[in-house]
Amino acid sequence: MGIVKISEQMHENLRLASGALGRSINAQAEHWLRVGMLAELQPGLSYGDICQLLLQAEQQHLETVNTGARAA
């Protein structure tokens, strides 16, 4: 875990968005980082496409975790 310095304005934007979307400030920042990273890596994708990719990745992760828990 590290510390990332951001501007006061970005912190205020994070605070507002996190409150509106029911996330912690850190969770909102991580969401924006993931979306931004995927947008740079896949510039042809829309925001909706990126969210679908994130949802699919999370679903696969949960299936893997649940399968491993049943096997143990």
Side-chain angles (χ1 to χ4, degrees):
M1 181 167 152
I3 295 176
V4 176
K5 292 188 178 195
I6 60 173
S7 69
E8 289 296 322
Q9 183 61 51
M10 181 57 72
H11 190 269
E12 181 63 16
N13 291 341
L14 280 165
R15 190 184 68 73
L16 290 172
S18 69
L21 299 172
R23 297 179 176 129
S24 69
I25 290 174
N26 286 344
Q28 184 64 42
E30 285 187 32
H31 173 71
W32 282 351
L33 287 166
R34 282 192 301 270
V35 169
M37 184 175 65
L38 285 170
E40 285 189 347
L41 293 172
Q42 301 290 331
L45 296 178
S46 69
Y47 176 73
D49 293 337
I50 290 171
C51 288
Q52 285 296 320
L53 286 175
L54 291 170
L55 286 168
Q56 290 168 1
E58 183 63 19
Q59 185 176 20
Q60 290 173 350
H61 172 74
L62 289 175
E63 289 172 358
T64 300
V65 168
N66 289 336
T67 302
R70 280 187 243 139

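Annotation for Ser24 and Ser18: closest pair O-CB, 3.6 Å, computed over non-hydrogen atoms.
Residue pairs meeting the salt bridge (Lys or Arg N to Asp or Glu O under 4.0 Å) criterion with at least one partner in residues 42-68, sequence neighbours excluded, do not occur; the list is empty.
Annotation: the span from Met37 atom CE to Glu30 atom CD amounts to 11.0 Å, rounded to 0.5 Å. Here Leu16 contributes atom CG and Glu12 contributes atom CD; the two are 4.5 Å apart, rounded to the nearest 0.5 Å.
At least one side-chain heavy atom of Leu45 sits under 4.5 Å from a side-chain heavy atom of Leu53. Looking at heavy atoms from C-beta onward, Gln28 lies in side-chain contact with Leu21 at the 4.5 angstrom threshold.
In this structure, Trp32 shares a hydrophobic cluster with Val4, Ile6, Met10, Leu14, Ile25, the cluster being traced through Ile, Leu, Val, Met, Phe, Trp and Tyr side chains under 4.5 angstrom apart.
Listed by chain and residue number, Asn13 satisfy the side chain to side chain donor-acceptor pair (under 3.5 Å) test with Gln9 (two or more places apart in sequence, or in another chain).
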